[in-house]
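Note that the structure is predicted; figures quoted are calculated from it, not measured. Each chain gets a letter, A, B and so on, in the order its sequence line appears, and its residues count up from 1.
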Protein chains: 4
Amino acid sequence: MAVDSRERVRAAAVKLFAGKGFHGTGIRDLAQAAKLSSASLYHYMGTKEELLAGIMRESLERLLEAATLVSGGVADPRLRLGNLVALHVMTHAVQPDETRVVDNEVHALSAVAKRTVVKLRDDYELLWAEAIDAGIAAGAFDTARPAVTRLALLEMCSGVARWYSPRGPLTLDQLAAHFAELAMRALGCAGIGGELDLERCRTVVSQVWKVKLRGTGGPGGAGPYPD
Amino acid sequence: MAVDSRERVRAAAVKLFAGKGFHGTGIRDLAQAAKLSSASLYHYMGTKEELLAGIMRESLERLLEAATLVSGGVADPRLRLGNLVALHVMTHAVQPDETRVVDNEVHALSAVAKRTVVKLRDDYELLWAEAIDAGIAAGAFDTARPAVTRLALLEMCSGVARWYSPRGPLTLDQLAAHFAELAMRALGCAGIGGELDLERCRTVVSQVWKVKLRGTGGPGGAGPYPD
Amino acid sequence: MAVDSRERVRAAAVKLFAGKGFHGTGIRDLAQAAKLSSASLYHYMGTKEELLAGIMRESLERLLEAATLVSGGVADPRLRLGNLVALHVMTHAVQPDETRVVDNEVHALSAVAKRTVVKLRDDYELLWAEAIDAGIAAGAFDTARPAVTRLALLEMCSGVARWYSPRGPLTLDQLAAHFAELAMRALGCAGIGGELDLERCRTVVSQVWKVKLRGTGGPGGAGPYPD
Amino acid sequence: MAVDSRERVRAAAVKLFAGKGFHGTGIRDLAQAAKLSSASLYHYMGTKEELLAGIMRESLERLLEAATLVSGGVADPRLRLGNLVALHVMTHAVQPDETRVVDNEVHALSAVAKRTVVKLRDDYELLWAEAIDAGIAAGAFDTARPAVTRLALLEMCSGVARWYSPRGPLTLDQLAAHFAELAMRALGCAGIGGELDLERCRTVVSQVWKVKLRGTGGPGGAGPYPD
DNA sequence: CATGAATGAGTATTCATTCAT
DNA sequence: GATGAATGAATACTCATTCAT
């Protein structure tokens with residue numbers, strides 16, 4: 001029961017912070033969404049800001065762990081980056097609320113908490129940077145401004161959280177593959193889509209976030225974006 | 001004096017809404033930033049929400065006008081999209097606060113205001129969609145999922161507002177050219193950078209936003225992002 | 001405790017609204033009078049206007065119920081009106097704050113609440129109108145302008161709330177009897193004072209308003225009005 | 001022009017204070033109704049409270065003067081009181097806003113201003129008291145509680161300001177005559193309506209308030225109260 | 001004569017948080 | 001574990017009033 005409540009609070013916070021922003025979400029909103037009184041809320045959380053910080057830290061830790069799992073030991077920089085892109089896109093598609101909170105609510109953090117979060121984010125981006133640099137060093141990638149390109153690709157992939165719908169025409173794998181292809185093109189590198197380990201990415205996302213995924217299952221109907 | 005104050009309020013709101021979010025910005029913050037008492041603020045604005053809505057509407061109207069100016073009458077879809085990309089990137093680089101407010105604070109709008117803003121955004125995106133569709137129809141572009149690619153590119157370009165610094169190593173033109181190149185690659189289309197009318201984009205941004213631009217001037221020193 | 005506070009808030013509101021008017025009473029005044037912080041006030045009320053509307057509605061419902069109790073089943077229109085007058089006067093003497101709020105603060109109500117209150121007031125006045133009309137039809141009453149006379153009598157009786165003091169020389173019964181006599185004279189009808197059921201009126205007032213009445217007890221000393 | 005504005009302010013204040021109460025009327029409401037900016041308002045008034053006090057004092061002075069004019073030198077107490085009643089009713093019918101402000105907004109006055117106003121009110125009521133006492137002494141009036149009866153009659157007559165409409169079926173003279181009759185009945189004194197000097201009352205009201213009256217002209221159509 | 005600009009103090013209401021039960 | 005009660009501080013916004021122009 002306690003665990004249940006704790007999770008309900010966490011889940012409510014993620015959804016509300018994503019939808020209305022940290023400052024736009026009141027403690028009463030949280031209580032209502034978690035089916036608890038606002039006083040009871042405080043059995044399961046510290047302050048509202050600690051709740052936010054916990055969500056962000058945990059989300060980034062999961063992303064970082066997942067990224068390590070899908071990129072570690074992959075020698076080919078192209079595949080390494082491809083997996084990173086696929087994972088990032090899948091994560092943002094499957095957990096849009098968590099990722100939007102991470103991406104949009106840093107400003108609401110205290111200086112101390114911000115430091116932690118920014119550090120995690122930097123560690124994560126380093127994986128991308130290393131893959132890109134390695135690809136350039138190996139002559140596989142071609143881009144005049146690696147850092148700019150990295151930022152461009154990260155933003156492109158993070159944007160998925162803002163528009164992807166699981167009820168749309170794309171499966172997770174199709175989505176991830178398309179973005180991996182876009183990334184490779186951006187880096188001047190012909191399609192290696194067939195060699196991506198999408199299943200591994202899916203499995204990792206599923207494990208790290210403890211969610212079930214519909215896998216490669218077909219589309220679920222007309223979504224909010226046309227194709 | 002009145003005009004001055006009105007503009008100070010608007011400018012303060014843009015900066016604060018961008019930095020701390022609409023709900024994170026108090027009327028006292030606004031007053032302090034505008035060097036006015038909180039009561040005096042109300043000589044120059046309606047409600048706080050109307051202030052936000054005004055900023056968003058005006059920003060989108062300017063973007064839409066600018067986009068029409070740089071894309072209208074450009075027959076080649078590649079050049080048309082290239083100009084749209086360059087303009088979008090320049091706008092987000094030059095006016096990062098306005099564009100971040102537009103991109104991040106829609107949730108704070110009332111239903112009525114939201115409708116207006118979403119309509120403007122849709123009109124704007126239509127210009128991109130038409131250029132991409134025309135490019136595909138003409139055989140110039142190659143992408144399996146035009147709509148997904150469009151969203152990916154838009155997010156990629158909008159992200160510029162989150163990290164670009166005018167004090168960094170890239171000039172506006174270099175930035176815009178790089179993103180145009182990324183877009184063309186994403187659409188499977190060889191570099192046409194040389195034919196982009198970057199000067200026209202710069203002029204339009206400058207006029208529409210009534211700001212002076214450093215033009216193609218060299219880099220200003222080390223920025224917050226490495227290259 | 002909760003009930004206590006709720007009642008304290010209601011009682012404070014009645015007294016203050018009566019004395020200084022709705023708009024003249026601040027939320028801080030209410031809080032102070034209810035011995036609560038202004039924030040705590042909101043545990044026991046909705047908005048300030050809902051508090052007012054609740055007071056007015058409840059007061060009118062009680063008055064209407066009481067009037068029905070003392071006039072229902074009384075065949076003789078003279079006695080029926082006499083009882084209505086006695087009840088009205090007693091109510092205004094015993095609950096001057098509630099009745100003054102009802103009589104003076106309608107303008108502070110929102111359109112919706114106003115409708116409800118006016119409807120109740122109309123229902124109540126209908127009892128008077130019916131008794132007067134019946135008395136005329138029966139030849140017991142004689143007045144050229146029944147509607148005008150009704151309004152005149154109502155205002156005359158309501159005025160009691162503005163000047164009567166329980167510490168004055170008149171008991172409730174004496175007051176009520178005097179006004180019943182005035183009403184009968186106004187309707188050209190010889191004194192029937194002896195037949196009025198003042199005790200029933202007193203009992204009904206006492207029950208409906210849940211107050212103890214000194215009954216027919218003698219005067220308590222010199223009051224604010226001379227006799 | 002100045003005089004015009006001053007009168008517009010006064011007129012606006014009377015109407016608004018009567019309709020929404022002193023505390024319910026903002027300085028901006030006054031400015032709008034007087035077609036002036038809120039700053040300009042202060043060319044024609046002191047503080048808002050002084051404006052109210054001025055209105056109340058002046059209204060009471062006019063009423064007192066008028067009452068003196070219609071009752072002075074009238075030997076018969078029945079006629080004297082009859083004239084006072086007729087004048088009071090006419091005044092409340094013709095100037096409902098002024099009289100309602102006087103009757104309802106005393107609580108908004110400062111202690112000093114309240115003293116003046118209460119003194120004037122007492123002086124005025126003394127005229128009624130003297131007439132009633134004289135009538136009793138002369139054996140013309142019969143009432144057990146002269147003071148209570150006086151208060152009852154005053155409230156009855158003042159109520160006219162709350163419901164009379166000049167567009168209703170009663171002319172001023174009919175209204176005044178009816179109330180004089182009610183008063184006489186209340187005082188146990190047969191009809192002396194025919195001897196009332198209604199024309200004199202009308203003239204005095206007209207002069208004192210500087211208004212034109214439709215005189216005894218017929219009814220203007222269906223009004224808000226039936227007869 | 002008229003007003004836009006300005007504001008300190010105030011408005012009603014909500015905030016996140018604590019605590020006794 | 002759960003919550004009704006409570007509140008100091010904050011919220012967005014309005015008040016009556018002044019004054020320079």
Exercise for review: Kindly give the heavy-atom pair with the smallest separation between D:Asp29 and D:Gly24, and that separation in Å.
Suggested key: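 Distance-wise, the nearest heavy atoms are OD2-O, 4.1 Å.
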Exercise for review: Please work out the stems of DNA chain E from pairs that are Watson-Crick or G-U wobble with both distances under 3.5 Å, keeping only runs of three or more consecutive pairs.
Suggested key: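 Runs of three or more consecutive pairs: E:2-21 with F:2-21.
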Exercise for review: Step by step, work out the side chain to side chain contact (heavy atoms under 4.5 Å, CB included) result for C:Leu30 and C:Leu51.
Suggested key: CA-CA 11 Å; C:Leu30 278 174; C:Leu51 180 60; 4.0 Å; yes
Whole angstrom is fine here: how far is it from [atom1] in [X] over to [atom2] in [N]?
| X | N | atom1 | atom2 | value |
| --- | --- | --- | --- | --- |
| D:Leu52 | F:dA16 | CG | P | 13 Å |
| C:Arg6 | F:dA5 | CZ | P | 7 Å |
| B:Asp4 | E:dA5 | CG | P | 11 Å |
| A:Glu50 | E:dT17 | CD | C1' | 12 Å |
| D:Leu36 | E:dA2 | CG | P | 6 Å |
| C:Leu41 | E:dA12 | CG | P | 10 Å |
| B:Glu49 | F:dA12 | CD | P | 13 Å |
| D:Leu51 | F:dA16 | CG | C1' | 13 Å |

List the atom pairs, donor and acceptor, that lie under 3.5 Å between side-chain atoms in residues 106-117 of chain C and the rest of the protein, sequence neighbours left out.
{"from": "C:His107", "atom 1": "ND1", "to": "C:Asn104", "atom 2": "O", "distance (Å)": "3.3"}
{"from": "C:His107", "atom 1": "NE2", "to": "D:Lys20", "atom 2": "O", "distance (Å)": "3.3"}
{"from": "C:Ser110", "atom 1": "OG", "to": "C:Glu49", "atom 2": "OE2", "distance (Å)": "3.4"}
{"from": "C:Ser110", "atom 1": "OG", "to": "C:Ala113", "atom 2": "N", "distance (Å)": "3.4"}

Could you list the protein-to-nucleotides 18-21 of chain F atom pairs, N/O on both sides, closer than 3.5 Å?
none

Partners meeting side-chain contact (heavy atoms from CB on, under 4.5 Å) with [X] (sequence neighbours left out):
| X | result |
| --- | --- |
| C:Ser59 | C:Ile55, C:Glu98, C:Val102, C:Trp209 |
| B:Ala11 | none |
| A:Glu61 | A:Arg57, A:Leu120 |
| D:Glu58 | D:Arg10, D:Arg62 |

Point to revise | Contacts of B:Thr47 that satisfy side chain to side chain donor-acceptor pair (under 3.5 Å) - sequence neighbours left out | key: none
Practice item. Please list, chain by chain and in numerical order, all residues satisfying side chain to side chain donor-acceptor pair (under 3.5 Å) with C:Arg162, sequence neighbours excluded. Key: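 Only D:Glu155 meet the side chain to side chain donor-acceptor pair (under 3.5 Å) criterion with C:Arg162.
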Exercise for review: Please determine, for the side chain of D:Ser37, which listed nucleotide (E:dT3, E:dA6, F:dG1) has the closest atom?
Suggested key: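 Ranking E:dT3, E:dA6, F:dG1 by closest atom to the D:Ser37 side chain puts E:dT3 first.
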Point to revise | Sub-4.0 Å heavy-atom contacts from residues 17-35 of chain A onto DNA chain E, ordered by number | key: A:Thr25, A:Gly26, A:Ile27, A:Arg28
Review point. Does any pair with a residue in residues 32-48 of chain A pass salt bridge (Lys or Arg N to Asp or Glu O under 4.0 Å), and if so which ones, sequence neighbours excluded?
Key: none
Check your understanding: Do any pairs count as a ring-ring contact (aromatic ring centres under 6.0 Å, His included) and have a residue in residues 9-33 of chain A, sequence neighbours left out, and if so which ones?
Key ->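 For residues 9-33 of chain A, and leaving out neighbouring residues, the ring-ring contact (aromatic ring centres under 6.0 Å, His included) pairs sorted by first residue read A:Phe17-A:Phe22.
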